[in-house]
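Everything below concerns the one structure shown next.
Because the structure is a prediction, the values reported are computed rather than measured.
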Amino acid sequence: MRISFGIDPNRCNGCRACEYACRTHKQLPMSLRTIHEVIDQSEGRMIRYYLALSCQHCENPECFRVCPERTYIRRRDGIITHSSGRCTGCNRCIRACPTQSPQHNPITGKIEKCDLCVSDLDEEQIPHSVKNCPTKALYAIDLDKNTLFSEKWLPGMPKTPCTKPGLRLKKLTSKLHHFIKADLGGSAYNE
């Protein structure tokens with residue numbers, strides 16, 4: 001069993017409830033999950049969608065590779081955890097991560113990162129960000145049994161093939177409000 005996040009960008013409306021739930025649960029001054037608005041021009045149309053991104057629990061995590069204090073731990077289920085006790089706050093992991101998912105905690109001077117609420121998962125509970133998503137756009141999924149989330153990349157996202165992110169996405173559909181239909185030669189947008 002390998003656990004990671006699944007996101008349905010067709011449902012995410014950028015409300016930030018997942019950010020708030022993460023920050024509140026972890027009692028941090030910042031969220032370990034951030035909403036990204038993605039705007040891309042492809043196939044003759046402009047596409048706008050939201051992604052609630054955090055650590056993608058990669059197969060080849062750069063944070064793990066560059067940390068001089070060896071504070072990152074890969075569990076058997078694929079979840080990457082961080083031991084802040086050994087962390088010196090050097091920020092190498094932030095610079096190495098293609099999505100800058102680890103965050104510097106200004107209060108402790110150490111690094112914090114999403115651990116998929118691993119203590120809750122161990123008790124068969126779902127992560128707080130997932131539980132508090134009002135549109136049901138965010139999921140914790142078993143990558144070995146996943147059949148709903150087939151995409152590893154969507155137009156407008158940075159490509160990170162070397163790290164092999166665990167994040168999986170649903171394919172974008174054009175029937176939803178966040179697709180901006182436009183004649184790329186003109187300037188008028190119709191929703």
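Grouping Ile, Leu, Val, Met, Phe, Trp and Tyr residues whose side-chain heavy atoms lie under 4.5 Å apart, directly or via other members, places Tyr72 in a hydrophobic cluster with Phe64, Ile80, Ile94, Ile111. Apart from Leu32 itself, the hydrophobic cluster it occupies contains Leu28, Met30, where clustering links Ile, Leu, Val, Met, Phe, Trp and Tyr at side-chain heavy-atom distances under 4.5 Å.
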Item checked: side chain to side chain donor-acceptor pair (under 3.5 Å) evaluation trace for Ser54 with Arg33 -> CA-CA 4 Å; Ser54 67; Arg33 173 172 296 288; 3.1 Å; yes
Notebook entry, point to check: side-chain contact (heavy atoms from CB on, under 4.5 Å) between Ile79 and Cys55: does it pass, once the steps are laid out?
Noted result: CA-CA 9 Å; Ile79 297 171; Cys55 177; over 6 Å; no
Margin query: Quick one, His57 with Cys114, criterion side-chain contact (heavy atoms from CB on, under 4.5 Å). Give me CA distance, side-chain angles, the key distance, then yes/no.
Written below: CA-CA 9 Å; His57 302 280; Cys114 170; 4.1 Å; yes
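Considering all non-hydrogen atoms of both residues, Leu138 and Phe5 come closest at CD1-CD2, 4.0 Å. For the pair Ala140 and Val130, the tightest heavy-atom approach, listed with the atom from each and the gap, is N-CG2, 3.9 Å. Taking both residues in full, the closest heavy atoms of Gln56 and Ser4 are given as O-OG, 3.6 Å, listed atom of the first, atom of the second, then distance. Taking every heavy atom of both residues into account, Arg11 and Lys136 meet most closely at CD-O, 3.3 Å. The two residues Leu116 and Leu121 come nearest to each other via the heavy atoms O-CD1, 3.3 Å. Nearest heavy-atom pair, Pro9 versus Ile7, reported as atom, atom and distance to 0.1 Å: CD-O, 3.2 Å.
For the atom pair OG1 of Thr135 and CG of Asn13, the computed distance is 5.0 Å after rounding to the nearest 0.5 Å. In this structure, CG on Leu172 lies 6.0 Å from OH on Tyr49, to the nearest 0.5 angstrom. A distance of 10.5 Å separates OH in Tyr50 from SG in Cys15, rounded to the nearest 0.5 Å. Here CG of Leu143 is found 11.0 Å from CZ of Phe149. Values are rounded to the nearest 0.5 Å. Atom OG of Ser129 is separated from atom NE2 of His25 by 9.5 Å, given to the nearest 0.5 angstrom. Residue Leu169 holds its CG atom at 12.5 Å from CG of Leu148, rounded to the nearest 0.5 Å.
Linking Ile, Leu, Val, Met, Phe, Trp and Tyr residues whenever their side-chain heavy atoms come within less than 4.5 Å places Leu167 and Ile3 in a single cluster. Val118 and Ile73 sit in two unconnected hydrophobic clusters of ILVMFWY residues. Membership requires side-chain heavy atoms under 4.5 Å apart, directly or through other members.
The closest side-chain donor-acceptor pair between His82 and Ser84, if any, does not fall under 3.5 angstrom.
Results of the salt bridge (charged side-chain N to carboxylate O under 4.0 Å, His left out) test with Arg2 over Asp144, Asp77, Asp142 single out Asp144 as the only residue that passes. Each of Gln103, His104, Gln100 was evaluated against Asn91; a single residue qualifies, His104, per the side-chain hydrogen bond (donor to acceptor under 3.5 Å, both in side chains) test.
With Arg168 contributing its side chain and Gly166 its backbone, the two residues share a donor-acceptor pair below 3.5 Å. Without hydrogens or angle criteria, Arg92 side chain to Gly89 main chain gives no donor-acceptor distance under 3.5 Å.
Annotation: side chain of Cys22 is not in contact with side chain of His128 (no heavy-atom distance under 4.5 Å). Looking at heavy atoms from C-beta onward, Cys117 lies out of side-chain contact with Ile126 at the 4.5 angstrom threshold. Side-chain contact between Asp120 and Pro127: absent, with no pair of heavy atoms (C-beta onward) separated by less than 4.5 Å.
Using a 4.0 Å cut-off between charged nitrogen and carboxylate oxygen, Asp115 and Arg75 do not count as a salt-bridge pair.
In this structure Arg65 satisfies the side chain to side chain contact (heavy atoms under 4.5 Å, CB included) test together with Glu62, sequence neighbours excluded.
Dense packing is recorded around NZ of Lys110, with more than 12 heavy atoms of other residues, nucleotides or ligands lying under 6.0 Å away.
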